Structures are given as structure tokens and as C-alpha cells.
Amino acid sequence: MGEKTIQCGNLIGGKWEQRGATGITRRNPANVRDVVATAPDSSAEDARRAIEAAAEAFQRWRRMIPPERGKIVLRAAQLLESRLEEVAQLLTREEGKIVSDSRGEVKRGIDIMEYAAGMGRRLGGQTFPTETPNVFCFTTRQPIGPVAAISPWNFPVAIPCWKIAPALVCGNTVVCKPSPLTPATATRVVEIFEEAGLPPGVLNLVHGGAQAGSELINHPLIRGISFTGSTKVGMAIHMAAARRLAKVQLEMGGKNPQIILRDADLKNAIDCLVPAAFGSTGQRCSATSRAIVERPVSKDVMALLLEKTKMIRVGPGDRPEVTMGPLVDETRLRDVKSFVDRARAEGAKVVIGGSEPEGLRDGYFYAPTVVANVRPEHEIAREEVFGPVLSVIEVDDLEEALGVANAVEYGLCASIFTRDIGRAFAFIDRIEAGMIHVNRPGLGGFSHMPFGGFKHSSFGAREVGDDTINFYTDIKSVYIQET
Ligand code: NAD
């Protein structure tokens with residue numbers, strides 16, 4: 001045990017409440033005896049009060065000039081930077097990823113907040129030529145109103161930051177509902193925004209699950225819902241929001257391919273593939289989960305892949321020698337195990353991993369796993385596993401590789417390894433994915449580039465970068481007649 005349990009409360013209208021409530025109990029996934037946090041499992045009524053507080057604060061907040069709103073967000077970024085190590089350690093304790101990944105995640109949150117702060121000086125419209133004499137025409141952007149930010153557990157710092165920061169700079173007020181698996185890190189993020197000088201009610205926090213979430217989705221005062229999580233929940237949110245025409249921005253699952261062609265630098269391809277597949281224990285929407293390899297190099301690829309996978313050290317994420325932490329909870333561990341069992345039953349072959357490592361019984365550990373003999377129609381080749389499991393699929397040429405890569409419902413990230421610029425451009429043109437990498441790890445991207453995908457991976461304006469302004473604002477077209 002040793003470390004203290006953090007008592008998380010809700011922030012509603014500038015007041016922290018229900019600290020000490022134990023509806024949610026979160027344990028360290030690397031050591032289940034360590035109770036990291038407790039938090040309220042908020043009711044629909046709690047969510048309603050938070051929504052009303054956000055609606056009340058909205059009229060004042062929208063009138064603050066945008067550069068001033070940006071300055072508060074910049075201050076929050078600076079505060080987060082000054083606490084980077086503390087927040088990273090907490091993130092590892094609560095979510096399980098290794099500390100270097102946690103530091104990277106917090107840094108990403110800070111970078112995105114800095115970029116969003118500058119939106120306060122970029123929230124411009126456009127001017128247009130007139131169609132009739134003596135009319136001056138322009139567009140101007142306005143906030144949409146109170147918004148809900150519903151986030152998952154796998155990036156519990158960066159994702160709330162990349163929703164809250166642009167929402168606020170664009171002039172909206174926010175109700176956050178983090179995952180019940182990561183209440184402590186979410187609370188730290190909201191505390192930091194509050195400390196940066198937000199007026200009461202501008203940012204609210206309600207812990208809980210579907211009960212609080214459902215109120216946020218259905219309440220008429222919430223004008224926009226920015227959701228990151230599973231495709232199943234995202235689709236349900238989209239349907240509910242459509243009934244009252246609320247705006248939605250949905251970031252959901254992935255089944256991301258890395259194509260390795262026969263002319264690739266194979267060492268680079270594997271050096272990029274292994275961290276993309278097993279980093280954060282494969283629990284990233286952007287994780288590479290399919291290696292699609294041209295047959296002439298498949299033996300060499302497999303040898304290099306196994307050599308590098310063997311070097312991964314599984315264990316608690318706060319130990320310096322460890323390079324892969326646990327899964328987030330028992331349910332995830334059970335799901336991953338059953339995906340691998342079904343892959344075996346369908347005729348695929350587990351060539352490394354496929355079990356819980358010896359001597360690690362205090363948490364939810366699973367070995368990095370490579371599955372060969374996978375065919376595109378196998379479940380393991382189509383469904384999001386969300387764990388450290390990589391499928392290897394062999395193909396004859398780029399044409400077949402593209403067919404396999406695109407034959408899934410998802411379309412988030414994709415990468416290709418080749419020295420042939422023509423084939424790289426054919427891939428960029430034809431791959432059905434929103435974030436594309438050539439000769440580099442097929443993960444997310446930079447803190448100022450749009451983040452999102454095609455098909456069942458995303459819906460609505462992209463997050464991160466300036467595209468997210470299109471979600472957090474509405475446009476007014478203005479015509480002024482000279483008299
Ligand atoms: P999840 O869909 O179970 O939950 C996400 C959030 O929605 C949580 O806060 C949860 O409490 C809330 N929620 C659940 N049911 C709800 C309901 N009926 N109404 C309102 N809110 C509800 O997802 P998860 O397990 O937390 O996260 C893992 C998933 O997130 C994976 O599928 C992963 O691919 C996806 N993800 C996507 C991205 C992206 O940017 N595309 C990033 C990270 C994670």
C-alpha cells in the first residue's frame with residue numbers, strides 16, 4: 001500500500017462536493033491492493049446541476065475577449081508543466097502505463113493547451129466580395145454554448161486537456177465526465193484549470209458512468225458533445241444527440257495497419273512497429289494491431305519482430321527496467337485473453353506471448369503477443385482488441401495489402417514502409433484512414449495537426465489543431481448595407 005487514497009469530488013458551479021463518496025473505487029492495475037482513488041458515482045441529478053451551472057456561467061464567459069480566455073488556458077498549461085512529474089506518476093499509478101509514456105502524455109496535453117491558447121488570437125472569420133452594391137460581408141465565429149466532454153481512461157490527461165482547452169478558448173463552458181477508471185488524474189487536470197483562474201461554473205466535473213453520461217447527452221442545455229471512447233458508445237451518443245440536433249464530435253476505435261513492402265528498410269520497420277503495437281500495452285486507439293507484410297520479406301520480418309518483442313520487460317510501470325505495464329483492469333485482461341483464445345480456435349498461431357507472465361499476480365499483466373497465420377476474415381484481424389496483441393497477415397503485393405488494410409470498419413491510423421515514393425503516394429491516396437505515416441510509427445501525431453479518422457473511427461470535426469474550432473463554434477454570416 002503505502003500511498004494515500006485520493007478522495008475525488010465533483011466540481012459544480014465552482015464548489016467541490018461529495019469528496020469522500022465511494023461510489024467509485026479505483027485500484028492500481030499493477031498492484032490491486034493499492035486503492036488509488038475514490039469518487040462519487042454521480043446521479044443524473046448531479047449531472048443536471050453541473051449542466052445548469054455551465055449554462056449560467058456561459059453568458060459571462062462568452063463575453064470575455066478571446067485572448068483573455070486564451071491567457072487562462074496558457075496559465076493552466078504552465079501549471080501542468082510545473083507539475084508534470086507528479087501528474088505523470090499519478091497517471092502511472094492509476095492507469096498503469098510506464099512512467100516515460102505518462103510523461104509523454106502529460107507533455108502532449110501541455111503542448112495542445114499551448115496551441116489552443118493561441119486560438120484566442122486566431123478565432124477569425126472571413127470577408128467576402130459583395131453580390132449587390134455597397135454591402136460589406138463577413139463571417140464571425142460564436143461559441144456554441146455549454147458542451148459535454150466525455151473521455152476514456154487510456155489517455156486520462158491528454159484527452160480531457162485537448163477537449164477542455166479549445167472549448168474554453170472558443171468561449172464555451174464545459175461539463176467533463178471522465179472514465180470511472182481514472183477519476184484521480186481527471187480531477188488533477190480540472191484542479192489545474194480551476195487554479196489558473198477560471199470563474200465558477202465555466203468548467204465543471206462530474207464523475208461516474210453511463211448514468212451521469214446519459215444526462216449530459218440528453219439534456220437540452222448541452223449544445224455539443226465531444227466524446228472519445230468505444231465505437232459502440234459513440235454511435236449511441238450520435239443517435240441520442242440527433243434527436244435534438246446537438247452537435248457531436250466522436251473519436252472512437254481503431255484497427256490500424258502497418259504495411260511492410262519488400263523494398264522497406266526492415267530494421268526501421270520493426271523498430272517502429274514494436275512500440276506502435278505494444279506501447280501503452282496496446283491500449284491506444286492508434287495502436288498498430290495488424291502488420292501486413294509482403295511475402296518475400298515475411299520470414300525476415302517475423303525474425304526481427306520476435307527478436308525485438310522478446311526484449312520487452314513486462315511489470316509495474318513505475319519500475320525503471322519495465323517497458324510495458326499492465327492492462328487497465330480485470331475486464332480488459334479477460335477480453336484480451338478471450339480474443340487470443342478465439343484466434344487460436346480460428347486457426348491462427350500464437351508465436352510469442354499469448355498468456356499472463358509468470359510471477360506477476362498482483363496486477364492485470366499480459367505478455368506482448370504476436371499472432372501469425374492470420375487471415376483477413378479472422379476476428380483478430382477485424383475487431384479492436386485494445387491490448388498488446390499484433391496480428392501478422394501476409395500478402396502478395398501492394399494491391400492486396402490495400403484491400404486487406406481497408407477491409408475493416410475502422411479507419412484511424414495507417415502506416416507504410418517502402419523506399420518507393422510512387423507506392424507511398426498510392427498508399428496515401430487509397431488508404432481509408434485519417435492519420436497516415438510513411439516510414440515512421442503509425443500512431444497519432446503532432447500537437448497542432450488534426451487528429452481523427454474515417455469510417456467507424458471518427459465523426460464530426462477533427463480534434464486537435466484548428467479544425468476543432470469548427471466543432472466548438474458556429475458561424476454567423478453578416479451583411480452590412482451602406483446607407
Ligand atoms: P467507453 O466507450 O466504454 O467509455 C468512454 C466514456 O464514455 C467513459 O467516460 C464512459 O463512462 C462513458 N460512457 C459509457 N457509456 C455511456 C453512455 N451510455 N452515455 C454516456 N457516456 C457513456 O470507452 P473506454 O473503454 O473508456 O475507452 C476505450 C475506447 O476508447 C477504445 O475503443 C479506444 O479505441 C477508444 N479511444 C479512441 C480514441 C480516439 O481518439 N479515436 C482515443 C482514445 C481511446
Side-chain angles (χ1 to χ4, degrees), residues 23-24 26 39 41-42 44 47 51 94-95 97 105 108-109 112 148-163 175-183 185-186 205-219 222 225-241 246 248-256 279-289 327-329 331-332 335-336 339 383-387 408-413 433-435 443-445 449-465 468:
I24 292 170
R26 175 63 186 155
D41 184 6
S42 304
I51 294 163
E94 183 168 61
E95 196 270 353
K97 65 184 67 173
E105 177 180 340
R108 186 155 163 74
I112 290 173
I150 301 179
S151 48
W153 47 266
N154 66 332
F155 284 93
V157 173
I159 291 177
C161 287
W162 84 43
K163 292 182 189 299
V175 182
C176 282
K177 200 214 69 64
S179 165
L181 295 178
T182 47
T185 37
L205 169 67
V206 242
H207 291 286
Q211 196 169 247
S214 169
E215 186 65 21
L216 291 177
I217 290 156
N218 292 305
H219 199 292
I222 292 289
I225 301 151
S226 180
F227 165 84
T228 303
S230 61
T231 298
K232 185 170 157 241
V233 174
M235 281 183 171
I237 288 177
H238 189 190
M239 285 188 266
V248 289
Q249 176 181 55
L250 308 171
E251 289 299 342
M252 301 168 286
K255 188 72 196 172
N256 310 298
S280 297
T281 323
Q283 298 173 120
R284 290 193 276 222
C285 54
S286 55
T288 300
S289 55
L327 290 159
V328 76
D329 68 359
T331 310
R332 198 91 296 284
D335 281 359
V336 170
F339 264 112
E383 300 293 329
E384 183 183 49
V385 176
F386 222 56
V408 294
E409 285 181 337
Y410 300 105
L412 195 58
C413 305
M435 291 177 282
L443 296 166
M449 290 276 283
F451 187 103
F454 286 22
K455 302 196 283 189
H456 285 190
S457 289
S458 299
F459 186 85
R462 292 277 188 271
E463 292 206 85
V464 190
T468 199

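The shown structure was predicted, so the numbers you read here are calculated from the model rather than taken from an experiment. As the structure lists them, so they are numbered: ligands from 1, and atoms in each ligand from 1.
- Around CZ of F459, the count of heavy atoms belonging to other residues, nucleotides or ligands within 6.0 Å does not exceed 12.
- The contact set between ligand 1 and P180, taken as ligand atoms under 4.0 Å from a residue heavy atom, comprises 11 (O).
- Between the side chains of S42 and Q211, no donor N or O sits under 3.5 Å from an acceptor N or O.
- Taking both residues in full, the closest heavy atoms of H207 and A212 are given as O-CB, 4.3 Å, listed atom of the first, atom of the second, then distance.
- Geometrically, ligand 1 and M252 share a nitrogen or oxygen pair separated by less than 3.5 Å.
- Nearest protein neighbour of atom 34 (O) of ligand 1, counting heavy atoms only, is E384 OE2, 2.6 Å.
- A donor-acceptor contact shorter than 3.5 Å links the side chain of N256 to the backbone of C285.
- Of the N or O atoms in S151, one or more lie within a sub-3.5 Å distance of an N or O in ligand 1.
- In plain terms, the two heavy atoms of R332 and D335 that are nearest each other are NH2-OD2, 3.0 Å.
- Remark: ligand 1 atoms within the under-4.0 Å shell around heavy atoms of I150 are 6 (C), 7 (O), 9 (O), 12 (C).
- What sits closest to atom 27 (O) of ligand 1 on the protein, heavy atoms only, is P152 CB, 3.3 Å.
- Scanning the protein heavy atoms around atom 19 (N) of ligand 1, the nearest turns out to be I217 CD1, 3.3 Å.
- Per-residue contacts place I159 under 4.0 angstrom from the following atoms of ligand 1 (heavy atoms of the residue considered): 42 (C), 43 (C).
- A salt bridge links E105 to K97: one of the charged nitrogens lies within less than 4.0 Å of a carboxylate oxygen.
- Residue contact check: N154 has heavy atoms under 4.0 Å from atoms 43 (C), 44 (C) of ligand 1.
- Between E94 and R26, no side-chain nitrogen of the basic residue sits less than 4.0 Å from a carboxylate oxygen of the acidic one, so the salt-bridge criterion is not met.
- Contacts of P178 with ligand 1, taken as heavy-atom pairs under 4.0 Å, involve the backbone alone.
- Nearest protein neighbour of atom 18 (N) of ligand 1, counting heavy atoms only, is A210 CB, 3.8 Å.
- Heavy-atom minimum distance, D41 versus G208: OD1-CA, 3.6 Å.
- Between F451 and W162, a ring centre-to-centre spacing shorter than 6.0 Å is recorded.
- Of the listed residues (L250, T231, L412, T228), just one forms a side-chain contact (heavy atoms from CB on, under 4.5 Å) with S458, and that residue is L412.
- Put simply, the side chain of N154 reaches to within 4.5 Å of the side chain of E95, judged on heavy atoms.
- Each of the atoms 37 (C), 39 (C), 40 (O), 41 (N) of ligand 1 lies under 4.0 Å from some heavy atom of E251.
- Nearest protein neighbour of atom 13 (N) of ligand 1, counting heavy atoms only, is V233 CG1, 4.0 Å.
- Counting only heavy atoms of the protein, atom 21 (N) of ligand 1 lies nearest to G213 CA, 3.8 Å.
- Under a 4.0 Å heavy-atom criterion, S179 is in contact with ligand 1.
- Closest heavy-atom approach to atom 5 (C) of ligand 1 within the set T228, I237, L412: this belongs to T228.
- Residue contact check for ligand 1: L216 places no non-hydrogen atom closer than 4.0 Å to it.
- Taking all atoms of both residues into account, the shortest heavy-atom contact from V336 to F386 is CG2-O, 4.1 Å.
- Protein heavy atom nearest atom 39 (C) of ligand 1, with residue, atom name and distance: C285 SG, 3.2 Å.
- At least one N/O-N/O distance between K177 and ligand 1 falls below 3.5 Å.
- Nearest heavy-atom pair, M252 versus S230, reported as atom, atom and distance to 0.1 Å: CG-O, 3.9 Å.
- With a heavy-atom cut-off of 4.0 Å, S458 does not touch ligand 1 at all.
- Of the candidates F227, F386, W153, F227 brings a heavy atom nearest to atom 7 (O) of ligand 1.
- Residue contacts with ligand 1, taken as heavy atom pairs separated by less than 4.0 Å, do not involve L181 at all.
- In terms of protein heavy-atom proximity, atom 2 (O) of ligand 1 is nearest to S230 OG, 2.6 Å.
- Per-atom contact check: atom 36 (N) of ligand 1 touches the protein, criterion being a heavy-atom distance below 4.0 Å.
- A 4.5 Å side-chain heavy-atom check between P152 and L181 finds every atom pair outside the cut-off.
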